[in-house]
Amino acid sequence: MVGWMQNFVKREKMQINPCQKKFITPMEFEALFSIGTDAQSIWRSKGILPYIKLGGRKVLYDREKIEKWIAKHEVAGDQVQYILDIEPI
């Protein structure tokens, strides 16, 4: 195996779990929170989703801020029942 390929394989095996990283990529965001990259892009452009942009192109998310952002947008159970107009279980 070529030297650069060995280094690549070694780095891939040593990848840190996204749950343990402070900053995550859009693909890791999608894997962790099941929100697609297209939705992320739209929400970023509208200023809805907090993110970091490096070098004018690379997008990263602060995992802790994203978790807080998701918690902030949680809908209470009684609101969901009202929207769906169903009886509580």
Side-chain angles (χ1 to χ4, degrees):
M1 203 182 292
V2 182
W4 67 268
M5 193 179 277
Q6 288 175 332
N7 289 338
F8 177 79
V9 171
K10 188 185 293 184
R11 271 185 283 146
E12 287 299 306
K13 288 180 181 178
M14 293 175 36
Q15 285 291 331
I16 298 171
N17 181 341
C19 293
Q20 298 172 332
K21 294 170 70 175
K22 176 154 176 67
F23 299 105
I24 57 174
T25 66
M27 295 299 288
E28 292 169 332
F29 181 103
E30 181 176 19
L32 286 170
F33 303 110
S34 299
I35 298 172
T37 55
D38 290 342
Q40 294 173 42
S41 179
I42 292 167
W43 293 351
R44 284 193 312 264
S45 68
K46 292 184 176 186
I48 297 171
L49 189 62
Y51 70 100
I52 300 163
K53 196 164 196 176
L54 300 174
R57 190 158 194 165
K58 176 89 173 173
V59 173
L60 295 174
Y61 299 102
D62 183 323
R63 188 184 45 77
E64 292 176 9
K65 286 184 180 180
I66 294 299
E67 289 172 349
K68 288 177 186 175
W69 178 80
I70 289 172
K72 183 176 129 185
H73 290 87
E74 183 179 5
V75 177
D78 59 339
Q79 291 174 329
V80 174
Q81 290 173 353
Y82 176 76
I83 293 169
L84 297 176
D85 196 30
I86 60 173
E87 293 293 319
I89 297 175

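Keep in mind that this is a model prediction, so the values were computed, not measured.
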Distance-minimising heavy-atom pair for I48 and W69: O-NE1, 3.0 Å
Please report the closest heavy-atom contact between F33 and E67, naming both atoms and the distance. CZ-CG, 3.9 Å
Could I get the full list of side chain to side chain contact (heavy atoms under 4.5 Å, CB included) partners for K58, not counting sequence neighbours? T25, L54, L60
Side-chain heavy atoms under 4.5 angstrom apart, residues restricted to Ile, Leu, Val, Met, Phe, Trp, Tyr: same cluster for I70 and L32? yes
With side chain to side chain contact (heavy atoms under 4.5 Å, CB included) as the criterion, how do V59 and F29 come out once you've worked through the C-alpha distance, each side chain's angles and the decisive distance to 0.1 Å? CA-CA 11 Å; V59 173; F29 181 103; over 6 Å; no
Donor-acceptor list for residues 37-44 side chains, cut-off 3.5 Å, not counting sequence neighbours:
| from | atom 1 | to | atom 2 | distance (Å) |
| --- | --- | --- | --- | --- |
| Q40 | OE1 | Y61 | OH | 2.9 |
| Q40 | NE2 | P26 | O | 3.1 |
| Q40 | NE2 | I35 | O | 2.9 |
| R44 | NH1 | Y61 | OH | 2.5 |

Reported CZ-to-NZ distance for the pair R63 and K68, which is rounded to 0.5 angstrom: 11.0 Å
